[in-house]
Amino acid sequence: MIYFDYASTAPLNPDVLDTYTRLLPKLYANADSLHAPGREAQRLMEKSRAQIAQLLSVRGDEVIFTSCASEANSTAIKGFALANRHRGNHLITTKAEHSSVAAAFAQLEQEFGFRVSYIPVTTQGIVDTETLYKALTKDTILVSLMYVNNETGAINPIEEVSAYVHEHSRAVVHVDCVQALGKLKLPLSMLDMATFSAHKIYGLKGSAFFYKKRNIKLLPLINGGQQEQGIRGGTSNTPANIVLAKTLRLALENQDEHYAYVKKLHAQLCTELSTLNDVHINSNEQCIPHIVNVSFLNVGSEIMLNALDERGFCVSAQSTCSSRSRAYSHVLAEMGLGDHIATHAIRISLSHMTTSEEINQLIQALKEINHDYRT
Ligand code: PLP
């Protein structure tokens, strides 16, 4: 199989696997146990937390481990809204968020009576900042938007949004940074909360964390012991949390070099795609080069995905977390590209592990499928 689905998840870095397999049999003690092996597990986990904080230029107690970014998003968004309700009842997010964010806001709206403003995105797939700024009221307590869109790669102007929100309201800013980590610079000092996942940066699945400024109060969603400052109960996944520091270090170490390499692959892919008939490239020049969203106007998303699968290529038809529903990209529809484009799109995602030869093979397969299914 040739893999073009890195935005969905990435293979494990062999160095991470090696450290993890060495730690796993040894570090079985509960990090909250008071005996020597428990204290050692706790020491190594706190060392990892401190390293993560240092790599991101934040404080150690601002890093909270979770099981996935979906949990991190839920904790940051619902935990904040529910703990700060006395300050206001209005929340803001965008119409192009990942399902873990969109569903958290829907729940706050439908089950808990919050008022939520869903801000549209432009034809470029980025948040319509004017509408967002106008939506801010005295009652707004939280603004949440993603840094990089997982379907198109569109980059939101998070620094500008954060600066405006902080200057003109009392709201805090949460940013889903899952698709930006290891690719873009992270202006965390300007944000109040930000979420990350290990498996998108060649780390373990079931391992993630979020950043939260010290003064931010959250209602815990998982009640239990004192783990993670009481924000998230449950016995710590110590080996995963420990290996996360190494995962992050490796991802950041080669970030610029990898970015430049992927940019070249992206240029090759887009040049080739633009020579094919009846193709609409939905990602634009301002997107990260790792994601190319493209619609084949005569081949539905699922048909294209299956035809590529048969030929040994892995791509996504939309966000993987929504892939069991009918292939329809709400993100592309929100960009105003219309139902046809939204039901004929695939997401090709690239990595520093992708080769130019793999792109040639993918283009050849796309050419054949595009020809065979021409209506
Ligand atoms: N946010 C974005 C933008 C994502 O792309 C994803 C994963 O696809 C998530 C959140 C959820 O991450 P996890 O799989 O760790 O729950």
Side-chain angles (χ1 to χ4, degrees), residues 3-12 16 52 63-79 93-107 121 125-127 144-156 158 173-184 186 191 193-211 221-222 232 234 237 240-241 243-244 247-248 251 283 287-288 290-293 314-325 327 329-332 334-335 345-351:
Y3 197 70
F4 284 101
D5 202 17
Y6 293 93
S8 175
T9 194
L12 201 52
V16 172
I52 292 170
V63 173
I64 313 285
F65 292 119
T66 63
S67 69
C68 57
S70 297
E71 185 199 332
N73 279 334
S74 243
T75 309
I77 294 164
K78 293 195 277 183
T93 189
T94 85
K95 289 188 175 177
E97 295 301 309
H98 184 263
S99 53
S100 58
V101 169
F105 278 100
Q107 202 180 35
V121 291
I126 61 168
V127 63
S144 173
L145 77 167
M146 64 202 329
Y147 195 172
V148 171
N149 185 275
N150 52 302
E151 290 194 36
T152 62
I155 306 170
N156 272 323
I158 56 162
V173 177
H174 163 256
V175 177
D176 176 342
C177 291
V178 169
Q179 295 288 348
L181 186 58
K183 294 167 190 147
L184 300 180
L186 302 166
L191 312 179
M193 293 190 282
T195 34
F196 306 94
S197 193
H199 72 97
K200 309 280 186 189
I201 56 163
Y202 309 89
L204 296 170
K205 290 165 187 56
S207 167
F209 68 100
F210 69 101
Y211 152 77
L221 304 186
I222 306 176
R232 191 218 182 229
N237 187 354
N241 294 346
V243 88
L244 188 45
T247 309
L248 182 63
S283 303
C287 295
I288 53 161
H290 306 69
I291 296 180
V292 177
N293 191 303
C314 307
V315 301
S316 278
Q318 55 189 134
S319 160
T320 318
C321 292
S322 318
S323 64
R324 305 245 175 257
S325 39
S329 166
H330 81 284
V331 173
L332 299 181
E334 291 298 343
M335 286 164 66
I346 59 165
R347 176 184 69 184
I348 302 168
S349 45
L350 311 173
S351 130

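Just follow the structure's listing: the first ligand is 1, and inside any ligand the first atom is 1. None of the values given here were measured: they were computed from a predicted structure.
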- Query: How would you list, by chain and number, every residue that makes a side chain to side chain contact (heavy atoms under 4.5 Å, CB included) with Ala72, sequence neighbours excluded?
  - Reply: Thr66, Thr195, Phe210

Give yes if a backbone or side-chain nitrogen or oxygen of [X] is under 3.5 Å from a nitrogen or oxygen of ligand 1, and no if not.
| X | result |
| --- | --- |
| Cys68 | no |
| Asn150 | no |
| His199 | yes |
| Ser8 | no |

- Note on the structure: Taken to the nearest 0.5 Å, the spacing of Ser329 OG from Arg347 CZ works out to 10.0 Å

- Query: Say you draw a straight line from CG of Leu244 to CD1 of Ile52; how long is it, rounded to the nearest 0.5 Å?
  - Reply: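 The distance works out to 4.0 Å.
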
- With a 4.0 Å cut-off on heavy atoms, is Glu97 touching ligand 1? no

- Does ligand 1 have any atom sitting under 4.0 Å from a heavy atom of Glu71? no

Region of [X] that comes within reach of ligand 1 [heavy atoms, distance under 4.0 Å]:
| X | answer |
| --- | --- |
| Asn73 | side chain |
| Ser70 | both |
| Met146 | side chain |

- Message: Tell me every residue that passes salt bridge (charged side-chain N to carboxylate O under 4.0 Å, His left out) with Glu71, counting only those two or more places apart in sequence or in another chain.
- Response: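 With neighbours one apart ignored, the set is Arg232.
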
- Item | Closest heavy-atom pair and its distance - Cys68, Ala208 | C-CB, 3.3 Å

- What is the minimum heavy-atom distance between Ala96 and Met146, and which atoms define it?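 Minimum heavy-atom contact is O-SD, 3.2 Å.
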
- For the residue pair Ser283 and Asn293, confirm or rule out a side-chain donor-acceptor distance under 3.5 Å.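 Per modelled atom types, Ser283 and Asn293 side chains form no pair under 3.5 Å.
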
- Considering only heavy atoms of Ser197, which atoms of ligand 1 have at least one such atom less than 4.0 Å away?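 Close to Ser197: 13 (P), 15 (O).
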
